[in-house]
Asks: 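Below you will find the structure I want to go over with you.
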Amino acid sequence: MSTEARAAHFPAADWDGGVFPYRVGHRKLGMWLFIVSDSLTFSALLIGYSYLRASNVWPTPFPFYPSIVFSSVMTFCLLSSSLTMVFAVSASSRGDRAKARKWILGTIFFGLAFLVLHLIEWNHLYSEGLRPFSLPADWVTRYAAPDGTLPSPLFGATFFTITGLHMFHVFTGAIYLAVVAARLNKLKHEDVEISGLYWHFVDLVWMFVFPLIYIMTVDIGAH
Amino acid sequence: MSGETHEAVHRHPAPTGFIRKYIFSLDHKVIGIQYIMLALVAVLVGMTMSVLMRMNLSWPGTNWPILGTLFPGGAPDGMMTPEFYLSLVTMHGTIMVFFVLTTAPQGGFGNYFLPIQIGAEDMAFPVLNMLSFWVTLVGFIVILSAIFFSGADSTVGPIGGWTGYAPLSALPNAGPGQGMGMDLWIISIAIFCVGSLLGALNFITTLLNMRTRGMSLMRMPLTCWAWFTTAVLALLSFPVLLGGGILLLLDRLAGTSFFIPGGLYLSGILSGTDERFPLHTGGSPILWQHLFWFFGHPEVYIAILPGMGATSHILSTFARKPVFGYRAMVFAIFAIGLLGFFVWGHHMFISGMSPYSAMTFSILTLSIGVPSAVKTFNWLGTLWGGRIRFTTAMLFAIGFVSLFVAGGITGLVLGQTSLDLPMHDTYFVTAHFHLVMGVASIFGMFAATYFWFPKMCGRLMNESLGKFHFWITFIGVYCIFVPMHTMGIVGMPRRFAQFTEYEYLKTLHPLVVFVSIAAIATVLAQIVFYFNLVWSIFKGKRAGENPWDATTLEWTTASPPPHDNFAGHLPVVYRGPYEFAVPGAANDFVMQTEPEVILQAVGSGREGTSGNGHDGHRH
Amino acid sequence: MSAHAEKHEHFAGSNKLFTSIWIWLVLLTVIEIVLAYRPMAIHFMLTILLGLSIIKAALIVAYFMHLKFERLSLILTIVPMLVICICLLFVFFPDSFRSHGLRYKFKETPPAPAAESH
Amino acid sequence: MGRALAVIIWILTLLSVSLFFVDKWWFPTAISSHAAALDRQFLITIIVVGVSFTAAQVGLGYMVWKYREDADRSRATYTHGSSKLEVIWTVVTAIIFIGLAVMGQSVWASLRFNDAPPGSYQVEVVGQQFQWNFHYPGTDKVFGRTEPNLIDDSALNFIGLDEADPNAKDDAVHTVLAIPAGRPVELLLRSKDVIHNIWVPQLRFKQDMVPGMVIRVHFTANTPGKYELACAELCGQLHFQMKSYLLVLPDDELGALTALPQDQFQTRMTELLAKYKLPAQN
Ligand code: HEA
Ligand code: HEA
Ligand code: CUA
Ligand SMILES: [Cu+2]
């Protein structure tokens, strides 16, 4: 076989070099890998939370209003932001930059709404007396186990840590999207898609944070 | 598609200014060298600490006037206090594991040679690459500063061992060494996690997406497989440590109690009864150990895999013979990487972990010895029937095999739950991990340095000095670390500032002194290495493109390679990486880029490319 | 060489599909919230919630993050890696459950209310 | 060069292996009943491991000696390996390693998978930074209540023993561990502050003492005598000084000791410590 014939022959298969085996560019693959990695940070925190919760008396203090209502609306915001984000990516794939920018701004709006609601919720809990290192005094008496074991102040610790880290991700995501929106004309479609990946990932994490932190901690007055 | 690949080419033109060229460089080669220099500095610090530790162990009460000036609290009047000794152990372990063995093999040599060996012009994300290095450097500066900061009372660094077990590390009031130094230690580790994680995703993307034409997976040099697997391990294990580190830092700074249980009583104060010791309750010290070792065990393979890769590569090159069982080697690397995630519990047998989990971990632990053994046998197979050229690089590679066997094999003792009862936290463990990590991995790096130095600097290192360095180091490390097994069997505990308290340890005194002397001699021999390194940069014999008659892509380009590695045209690969001694070929080595093998008369009509790595699974 | 055209990138899935996915996600969320107010054993609840979360995550990953439309090899690279690691983390739990029986029990004093410090 | 390397590898191997034959530097004589099986398992393992180590190093030396570059052959043997060999050595090592692993579980299982036999002699062990506290239940065999908020190091109530508790009346707390010979012992391990680890080399036994947990372990010691007891988990500044003694006493001697009230208990313990000698170095 001649040199050229051989060389031409090689790129045919995915894994033989000279091609992107996944048909995915560097940045997109890199973002996927980052997402894998970051998911593990969150997994470690959520597993740590579950570990501690399973070995302690855990308060279940969230009332329907404001906590559950707020967090549900927040979930709704994030889900909707994901929808607008796909629309943005979709528009960008059609080359419609104006639309794409509009949808990204919509995404940022929902993201910010999430942040604001979350901060209000934090503030509310803080004013109730919840701290990373202690529970409000009335929770302590209310959620003590029948045998007298006190509820764990780790509630506040895990709550603030996990939601805080998530909030940080939403915040950086919003900034990231703002940059993308601002520079949209100079960016390629793939860049928009990648920012979308990050944003959906933030949404995805919340899909675990919400049930584990909020739903599992609803005050149904069973005690 | 190749259109897209080419888009990536020339993304950054060769810089001209000094700063962009050598300091904030985007060139993977410069960044690789920066990583190696970081490791060379870090290892000096680590070695100095190890000598101080040995002096204190064998001649307690030695006076070090300079220590007295530098650390008035830790070594008043130059005499080392126990807490200072322990902070040295902590810093020694941390610096060696993180800033030497996670930087040089992967960030250093990997960065420099992975793109070249797969025929790429740079890493996939040059800017990220630069960031990884600078983040790591910041981590190093933070950890160095840790030893100068302390709680209010005395100047000692963190005391926690490189494992930082909570609640000791989580309680600022748990004695000297738990002050600000510990905060800095944790922060440094967290920073390091971020740097490594970014580096890892860069490596993976580069390797998957940027292989040149013809460089199929099974034609990659084993070094690339090793770096790739290492990167996957780093990508998946560092985030878990990062999570744990955040929690530990919060325990210290925000008063949370993730790792701190209730009812603690420290220095006369019950937790929660005094503002100096706020209320902590409900946390689990074992949770920290899980999070740490979930990272920690993959980490030790992160430290050794690149060394294994380099060893395979160099053994084959200088035995002038293809790697024995290339496929088996790849599978073994992969198996080690995968199983490496299943065994972390073997560090926790006696931690109060569930005894049933311990049993499972134990059996999985011994299983991981199998791929390691397969690698060892294949190394021997590679040497078998070779025509070995004893260059310094080869000597170190052979030394690697010897030391890896010596160290790995005691893992089979430690890995059994029952036998870990007497062995845990004794010098037997210290011996085990120094032989595999402290020296086998380091030997891998030495081999890599001697082997690739001509490519990086265009000049050969001095072979006579190199051989001298090898002999002293090889014999030296056996003398340092083999007697430690015996100490462990007698029952000498680790992390003891002095052995004077115990009668049953008295019989070991001669060994302790012997080890210290050997350590000092070995460390002194490293001066030769450093000298050789610096001297050869300026005065070494000029190396051509391919001084070792090697086959892989880095030897097809100039030494040192031009900014874009291949001066404009990417190579095309036609065969596997280790085509030495091909019967009938003109030379005893066939480059990967050589399209046709010129068969001489002897050739029995056999196609010279049977080593193309496909082993018949294609076509 | 499958030379890529510059302007029109392929992005599978219509806005209608995405909207219906979104509706599903919202529906599943509503189910979760309703579940919160049904008294049931905590294990049971946890299982259902995690099940629902995994479905939601899968929907997001598959459609919004477009993984379903990527090559199979990418899916096979990313998903097993993550799933194995997360499953491994569950090995922590036996120790959590065990610690109930092993806990050092003592009478805890309630903390002083609303600490102002820190 | 090749020969020199081979010889050095062989010499180092020989020296390394012979170090394991020095009696003086071996395990101290065991005193617990699980130790025999454990020592046997250790011996088997170390032999397997030693033989493999030697074989591998001798093999390595042989390759290096035999296949150094020479004039006889112009080329190395061209081979990419042998699937048959790969399979053989994978399977053989797998059998050896898994076999060792399975054998290594029996002592572990006997110590950890079941509770202490009924009637075991119980002692509560409370670690604290750089000091051991052993809490003896006394004749009623019931431990007095302990509370963290009763701990007062300056008043020498190191474990927070509640003097008001009737069960505590006959309890004794001492810094030395005394246990009966030939009877199962159950230790209740706790810690007041950070992780410690109780370790007596002669017992072939080690266990972390984790704050917040009561870890129950059991074993039987057979040979009366005095042994050094060490802390084997880094616990801070004076970790190396956190030392105590294990006294293994004949049953009657121990019975007499535990029947004593706290103050006489202390003096008697001091006498016993003086009476027994540390084992001679082997
Ligand atoms: C890479 C890891 C590494 C390396 C190289 C070393 C090297 C050495 N170590 Fe270390 N050590 C650890 C990792 C390492 N150690 C760890 C993790 C711990 C545990 C800490 C803890 O308990 O928490 C420990 C603990 C430890 C102890 C136990 C302390 C105790 O428990 O009380 C002792 C005691 O003697 C010791 C001694 C030494 C000596 C004498 C050397 C050396 O001086 C031997 C001679 C050195 C060399 C041969 C290396 C030369 C290398 C180069 C010059 C680099 C070249 C670089 C490139 C090619 C880029 N070490
Ligand atoms: C590079 C680093 C490295 C490597 C590769 C290994 C490899 C192995 N390690 Fe090690 N280990 C460490 C670094 C490393 N370790 C460190 C740093 C610690 C201490 C951490 C701390 O506490 O500070 C530690 C601690 C440690 C422990 C915990 C001890 C304790 O604290 O009580 C255990 C227990 O199972 C263990 C086991 C093993 C095993 C089974 C392997 C196996 O992978 C080894 C496999 C290799 C071989 C088996 C040799 C080659 C094979 C042959 C020649 C075949 C022929 C053999 C036969 C037929 C028998 N290691
Ligand atoms: Cu207690 Cu070490
Ligand atoms: Cu390990």
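Chain identifiers are assigned alphabetically (A, B, ...) following the order of the sequence lines, protein sequences preceding nucleic acid strands; residue numbering begins at 1 within each chain.
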Asks: Using the rule given for side chain to side chain contact (heavy atoms under 4.5 Å, CB included), can you reason through B:L403 versus B:F481, listing the C-alpha separation, both sets of side-chain angles and the distance that settles it, and then say yes or no?
Replies: CA-CA 10 Å; B:L403 289 163; B:F481 297 119; over 6 Å; no
Asks: I'd like to know which of D:D193, D:V22, D:T93 tops the heavy-atom pair count under 4.5 Å against chain B.
Replies: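 Ranked by contacts with chain B, first place is D:D193.
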Asks: Between chain B and each of D:V64, D:D153, D:I215, D:L15, count heavy-atom pairs under 4.5 Å; write down the option with the most.
Replies: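 Most heavy-atom pairs under 4.5 Å with chain B: D:D153.
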Asks: Got a second to check how far B:F349's CZ is from B:S362's OG, nearest 0.5 Å?
Replies: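 These two atoms lie 4.5 Å from each other.
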Asks: Determine, stepwise, if the pair D:H80 / B:E579 fulfils side-chain hydrogen bond (donor to acceptor under 3.5 Å, both in side chains).
Replies: CA-CA 9 Å; D:H80 284 95; B:E579 287 305 284; 2.8 Å; yes
Asks: For the residue pair B:Y578 and B:F580, categorise the inter-ring angle as parallel (less than 30°), tilted (30 to 60°) or perpendicular (more than 60°).
Replies: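 Aromatic pair B:Y578/B:F580 classed parallel.
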Asks: Checking B:A332 against chain D: side chain, backbone, both or neither under 4.5 Å from a heavy atom?
Replies: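 Neither; nothing under 4.5 Å.
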Asks: Pick whichever of D:Y227, D:Y62, D:F97 has the most heavy-atom pairs under 4.5 Å with chain B.
Replies: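 When all of D:Y227, D:Y62, D:F97 are compared, D:F97 has the most.
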Asks: Would you mind checking which part of D:I11 comes under 4.5 Å of any heavy atom in chain B, side chain (CB onward), backbone (N, CA, C, O), both or neither?
Replies: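 Contact with chain B involves no heavy atom of D:I11 at all.
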Asks: So what's closer than 4.5 Å to chain B heavy atoms on D:F53: side chain, backbone, both or neither?
Replies: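 For D:F53, heavy atoms of backbone and side chain both lie under 4.5 Å from chain B.
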Asks: Is it possible for you to check whether D:K192 lies under 6.0 Å from the centre of the six-membered ring of D:F158, through NZ or CZ, and within 45° of that ring's axis?
Replies: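 Here D:K192 fails the 6.0 Å and 45° test against D:F158.
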Asks: Is the backbone of B:A174 close enough, under 3.5 Å, to the side chain of D:Q129 for a donor and an acceptor to pair up by distance?
Replies: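 Yes.
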Asks: Relative to chain D, which segment of B:W379 carries a heavy atom at a distance below 4.5 Å: side chain, backbone, both, or neither?
Replies: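 B:W379 has no heavy atom closer than 4.5 Å to chain D.
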Asks: Is it the side chain or the backbone of D:S110 that comes within 4.5 Å of chain B heavy atoms, both, or neither?
Replies: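 Neither part, no heavy atoms under 4.5 Å.
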Asks: Using heavy-atom distances under 4.5 Å, tell me whether B:A166 contacts chain D through its side chain, its backbone, both, or neither.
Replies: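 For B:A166, the backbone is the part near chain D, not the side chain.
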Asks: Does any heavy atom of chain B fall under 4.5 Å from the side chain of D:P148, the backbone, both, or neither of them?
Replies: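 Interface part for D:P148: both.
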Asks: With a 4.5 angstrom heavy-atom cut-off, is it the side chain or the backbone of B:I286 that approaches chain D, or both, or neither?
Replies: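 The answer is the side chain of B:I286.
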Asks: Is any side-chain heavy atom of D:I198 less than 4.5 Å from a side-chain heavy atom of D:L229?
Replies: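 Yes. Closest side-chain heavy atoms under 4.5 Å.
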Asks: Relative to chain B, which of D:C235, D:S52, D:P279 shows the most heavy atom pairs under 4.5 Å?
Replies: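 The residue among D:C235, D:S52, D:P279 with the greatest pair count is D:C235.
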Asks: Pair B:S351, B:Y165 - check side-chain hydrogen bond (donor to acceptor under 3.5 Å, both in side chains), show working.
Replies: CA-CA 11 Å; B:S351 67; B:Y165 274 12; over 6 Å; no
Asks: In plain terms, say whether D:D39 and D:R204 are close enough for a salt bridge, that is, a side-chain N and a carboxylate O under 4.0 Å apart.
Replies: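 D:R204 and D:D39: salt-bridged.
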Asks: So D:H196 and D:W132, would you call those rings parallel, tilted or perpendicular, with 30° and 60° as cut-offs?
Replies: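 Rings of D:H196 and D:W132: tilted, as their planes differ by 30° to 60°.
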Asks: What part of B:P483 gets closer than 4.5 Å to chain D, counting heavy atoms only: side chain, backbone, both or neither?
Replies: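 When you check distances to chain D, atoms from both the backbone and side chain of B:P483 fall under 4.5 Å.
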Asks: Looking at chain D, which one of B:M487, B:R495, B:R320 has the largest number of heavy-atom pairs inside 4.5 Å, strictly under?
Replies: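 Counting heavy-atom pairs under 4.5 Å, the top option is B:R495.
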Asks: Which one wins on heavy-atom pair count under 4.5 Å against chain B: D:L278, D:T90, D:L100, D:T13?
Replies: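 Among the listed options, the one with the most contacts to chain B is D:L100.
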Asks: On the 0 to 90° scale, with breaks at 30° and 60°, tag the D:Y67-B:W384 ring pair as parallel, tilted or perpendicular.
Replies: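 Perpendicular: the ring planes of D:Y67 and B:W384 meet at over 60°.
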Asks: Does any backbone or side-chain atom of B:V323 lie under 4.5 Å from a heavy atom of chain D? Answer side chain, backbone, both or neither.
Replies: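 For B:V323, the backbone is the part near chain D, not the side chain.
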Asks: With a 4.5 angstrom heavy-atom cut-off, is it the side chain or the backbone of B:L86 that approaches chain D, or both, or neither?
Replies: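 When you check distances to chain D, only side chain atoms of B:L86 fall under 4.5 Å.
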Asks: Which label fits B:Y356 and D:F113: parallel for a plane angle under 30°, tilted from 30 to 60°, or perpendicular past 60°?
Replies: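 Aromatic pair B:Y356/D:F113 classed parallel.
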Asks: Measure B:M394 against the heavy atoms of chain D and call it side chain, backbone, both or neither at under 4.5 Å.
Replies: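 The answer is neither part of B:M394.
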Asks: Please identify, among B:A319, B:S418, B:P422, the residue contributing the most non-hydrogen atom pairs under 4.5 Å to chain D.
Replies: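 Ranked by heavy-atom pairs under 4.5 Å with chain D, first place is B:S418.
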Asks: Between chain B and each of D:M213, D:Q128, D:K66, D:E233, count heavy-atom pairs under 4.5 Å; write down the option with the most.
Replies: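 The candidate making the most pairs under 4.5 Å is D:E233.
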Asks: Counting only non-hydrogen atoms closer than 4.5 Å, does D:L203 touch chain B with its backbone (N, CA, C, O), its side chain (CB onward), both, or neither?
Replies: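 No part of it gets close to chain B.
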Asks: Please flag which part of D:E228 lies under 4.5 Å from any non-hydrogen atom of chain B: side chain, backbone, both or neither.
Replies: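 Only the side chain of D:E228 comes within 4.5 Å of chain B.
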Asks: Quick one: what part of B:K467 sits under 4.5 Å from any heavy atom of chain D, side chain, backbone, both or neither?
Replies: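 Answer is side chain: those atoms of B:K467 sit under 4.5 Å from chain D.
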Asks: Students often mix this up, so state it plainly: with edges at 30° and 60°, are the rings of D:W26 and D:F42 parallel, tilted or perpendicular?
Replies: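 If you compare the ring of D:W26 with that of D:F42, the planes turn out perpendicular.
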